[in-house]
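Encoded as C-alpha cells, the structure appears first; notes follow it.
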Amino acid sequence: MHRFLKTYSPTIILGFFFLLGVLILLKFIPEGFIPLDQRGIFWRFAYEPMMNLEGRTLEYPIGAWMFFKSITFPAYFLKNFFSNPWGAYHFSFSFIISLFYLATWITTLVWLKFQTIKKQLLLGGTFILFFIIANPFLILSTFDFVPTFFAFLSLFLFQKDKYIPNAILLALATTVKWFPGVLLPIFIIYLLQNKLRKKEQTPSRNTKELLKYLFSYTATIIFIILIGSIFVPLNIQGGSLLYHTDRGIHNESLYGNAFDIIASNSEKYLIDLNYGSLNIEGPGINNVLPFIFPIMILGLLFVYYRSYKNKNNIVHYSLLAILIFILLNKVLSPQFLFWLIPFVIYFVFENLNKKNIIILAIFGIILLLGPTVPFYMQESLINFQWEALSFLTVRNLLLGSLLLF
C-alpha cells in the first residue's frame, strides 16, 4: 500500500486538487453552470416519476434515464443541505460527472502504464488543462462523459483481450448515447481477422466466440431496454430514434456552417430552435438533408475498411470513427467534442513525438473554441455575423484537420 501511494502520489495529489476545484465551482460559482440537460424531460421524469410521458419525445436512449434516475439517490441524502431538491440533484449530478472524468483519466494512466513523476504530471496536467479550456461548467452540466468513459474503458478491455466485458460495457455505453455504437464494427473486424488466424483454434470455435461476443452485446442492450420499459414504455423509448431522424441541420455542424456563410449574404435564411438545437432553415436545406445520413455511413465504412487493412491500429481507427460520426452528423453540439478527449490523449501519449504534440495542441484549440460560439457569441451566429462565423469555421476546419494525421 505504501509503495502504491508513493508510486502514484503525483496522480493522487492532482486528482485531489481536481475534485477540490470542482467542489469550489459547485459551491461558490453555481450561476456559471449551463442548464442544458438539466432542463430535459429525462431529468424531470427521474425526479418526478409520476410525470405523464404520453405525447412527449425523448432525445436519449433508456440508459440515459437510468443514469439520471441513479442521481436521485445521493440527492436524497443531500437534500437537507440545499434550499430545494433540484439543488441537491444538480450538485450530485455535476460531482458524479467529475468522478467519471477522473475515472477516464485514471483508466488512461493504467493503460499507458505511467509510473514516473514526469509522465504522471504531464498526463494529469493535460486532463486538467482540457477540463479548464473546454469549459468546466459545460462538462459538469452534461452527461457526455458517462458514455465516453464506458466506451473508452471497453476499448481498454478489448486491447487486454477481455472481449465479453468489452461487449457488455460497449452495449451499456450505447444505451446512454448512440455514438459508442460506431466502435462495434471495428471490434468485430478485429475479432474476425485475429481469431481466424489463430492456428490453435478451429473455425467452429472461432464462430462460437464471435457469436458469444455479439450475443453479449445484444443481450445487454435488450436487458437494459426491458428493465427500462418498467418505467418508460417501449413505444416512447423508440421515439428517441425518430427524434434524431426528424432533426434539421444544426447551425454549428459542418453543413450548417456552410449554409451560415451563404446566409451571411442572403436574407432568405433564418435560425429556428427545435429538437434541442438551433437549426438553419432556408433554400437548399431540404435538398441536403436526405444525403447527410448516407454520407456519414460512407465515411464510417471508409474508416472500417482502413481498420480492416491496418488491423493493429485499433485505437487510431476507433478515434477516427468517433471523429467521422461527429463531423458528418447534422448536429454538432460542443459537448460532442468531449467524446474525443480520452481517445486523443491516449493516442498522443502512447507515442509522444512532435507530430502528436501538434495534434494535442490543435485539439486543445478546438476545445477552447468549442463552447465559444454557442455560449458567448450565439446572437452573432444567429444573425450570421462574421465574428461568430469566423470562430465556428476555424473550429470546424481544425476538427476536420485531425483526419489528416
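Quick caveat: nothing in here was measured; it's all calculated off a predicted structure.
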Problem set entry | Exam field: side chain N383 to backbone E379, donor-acceptor pair closer than 3.5 Å | yes

Exercise. Given side chains that start at C-beta, do those of F343 and L323 come closer than 4.5 Å, heavy atoms only?
Worked result: no

For this session: Report yes or no: does R395 contribute a side-chain atom to a donor-acceptor pair with the main-chain N or O of E252 at less than 3.5 Å?
Result: yes

Exercise. Does F349 reach the side chain of W111, with side-chain heavy atoms less than 4.5 Å apart?
Worked result: no

Exercise. Between F158 and F187, is the gap from one ring center to the other below 6.0 Å?
Worked result: yes

For this session: Determine yes or no for a side-chain-to-main-chain donor-acceptor pair under 3.5 angstrom, with S253 supplying the side chain and G256 the backbone.
Result: yes

Problem set entry | More than 12 heavy atoms of other groups within 6.0 Å of F405 CZ | yes

Exercise. Side chains of T11 and Q120: is there a donor and an acceptor less than 3.5 Å apart?
Worked result: yes

Exercise. When rounded to the nearest 0.5 angstrom, what distance separates CH2 in W105 from CD1 in I345?
Worked result: 10.0 Å

Exercise. What closest approach, in Å, do Y275 and R247 show between heavy atoms, and which atom pair accounts for it?
Worked result: O-NH2, 2.8 Å

Exercise. Is a side-chain donor or acceptor of Q335 paired with a backbone partner of L138 at a separation under 3.5 angstrom?
Worked result: no

Exercise. Are any non-hydrogen side-chain atoms of Y60 and V176 less than 4.5 angstrom apart?
Worked result: no

Exercise. When Y101 is tested against each of F338, F130, F127, F149 for ring pair (Phe, Tyr, Trp, His ring centres under 6.0 Å), which residue passes?
Worked result: F127

Exercise. Does any N or O in the side chain of Y255 come within less than 3.5 Å of the main-chain N or O of L328, such that one atom is a donor and the other an acceptor?
Worked result: yes

Exercise. Do F259 and V288 have side chains that get closer than 4.5 Å, going by heavy atoms?
Worked result: yes

Problem set entry | Cation-pi geometry met for K177 and F143 (6.0 Å, 45°) | yes

For this session: Looking only at non-hydrogen atoms, find the nearest pair between A321 and V303 and report the distance.
Result: N-CG1, 3.9 Å

Exercise. Side chains of Y217 and N166: is there a donor and an acceptor less than 3.5 Å apart?
Worked result: no

Exercise. With distance as the sole test, does T108 use its side chain to make a donor-acceptor pair with the main-chain N or O of T104 at under 3.5 Å?
Worked result: yes

Exercise. Parallel, tilted or perpendicular: which describes the rings of F347 and H316, with under 30° parallel and over 60° perpendicular?
Worked result: parallel

Exercise. More than 12 foreign heavy atoms under 6.0 Å from CD1 of I29: is that the case here?
Worked result: yes

Exercise. Would you call the rings of F91 and F95 parallel, tilted or perpendicular if under 30° counts as parallel and over 60° as perpendicular?
Worked result: parallel

Exercise. Does the side chain of V22 reach to within under 4.5 Å of the side chain of P136, using non-hydrogen atoms?
Worked result: no

Exercise. Which pair of heavy atoms, one from L14 and one from G124, lies closest together, and at what distance?
Worked result: CD1-CA, 3.9 Å

Exercise. Is there a donor in the side chain of N279 and an acceptor in the side chain of D272, or the other way round, less than 3.5 Å apart?
Worked result: no

Exercise. Just wondering, more than 12 heavy atoms not from F82 lying within 6.0 Å of its CZ?
Worked result: yes

For this session: Using modelled atom types only, decide if a donor and an acceptor are shared between the side chain of Q115 and the backbone of Y8 within a distance under 3.5 Å.
Result: no

Seminar exercise, completed: Note: Q159 and V315 closest approach over all heavy atoms is NE2-CG2, 3.7 Å

Exercise. Does T174 reach the side chain of T220, with side-chain heavy atoms less than 4.5 Å apart?
Worked result: no

For this session: Give a yes or no answer on whether the side chain of N310 reaches the backbone of N313 with a donor-acceptor pair at less than 3.5 Å.
Result: no

Problem set entry | Main-chain N/O of L332 paired to N329 side chain as donor or acceptor, under 3.5 Å | no

For this session: Side-chain contact test, heavy atoms from C-beta onward, threshold under 4.5 Å: evaluate it for K212 versus Y163 and give yes or no.
Result: no

For this session: Could you check if a side-chain atom of Y304 sits within less than 4.5 angstrom of a side-chain atom of Y317, using non-hydrogen atoms only?
Result: no

For this session: Classify the ring geometry between Y346 and F152 as parallel (under 30°), tilted (30 to 60°) or perpendicular (over 60°).
Result: perpendicular

Problem set entry | Donor-acceptor under 3.5 Å (T393 side chain, S390 main chain) | no

Exercise. Is there a side chain to side chain contact (heavy atoms under 4.5 Å, CB included) between Q385 and S264 once you walk through the steps?
Worked result: CA-CA 7 Å; Q385 295 174 354; S264 63; over 6 Å; no

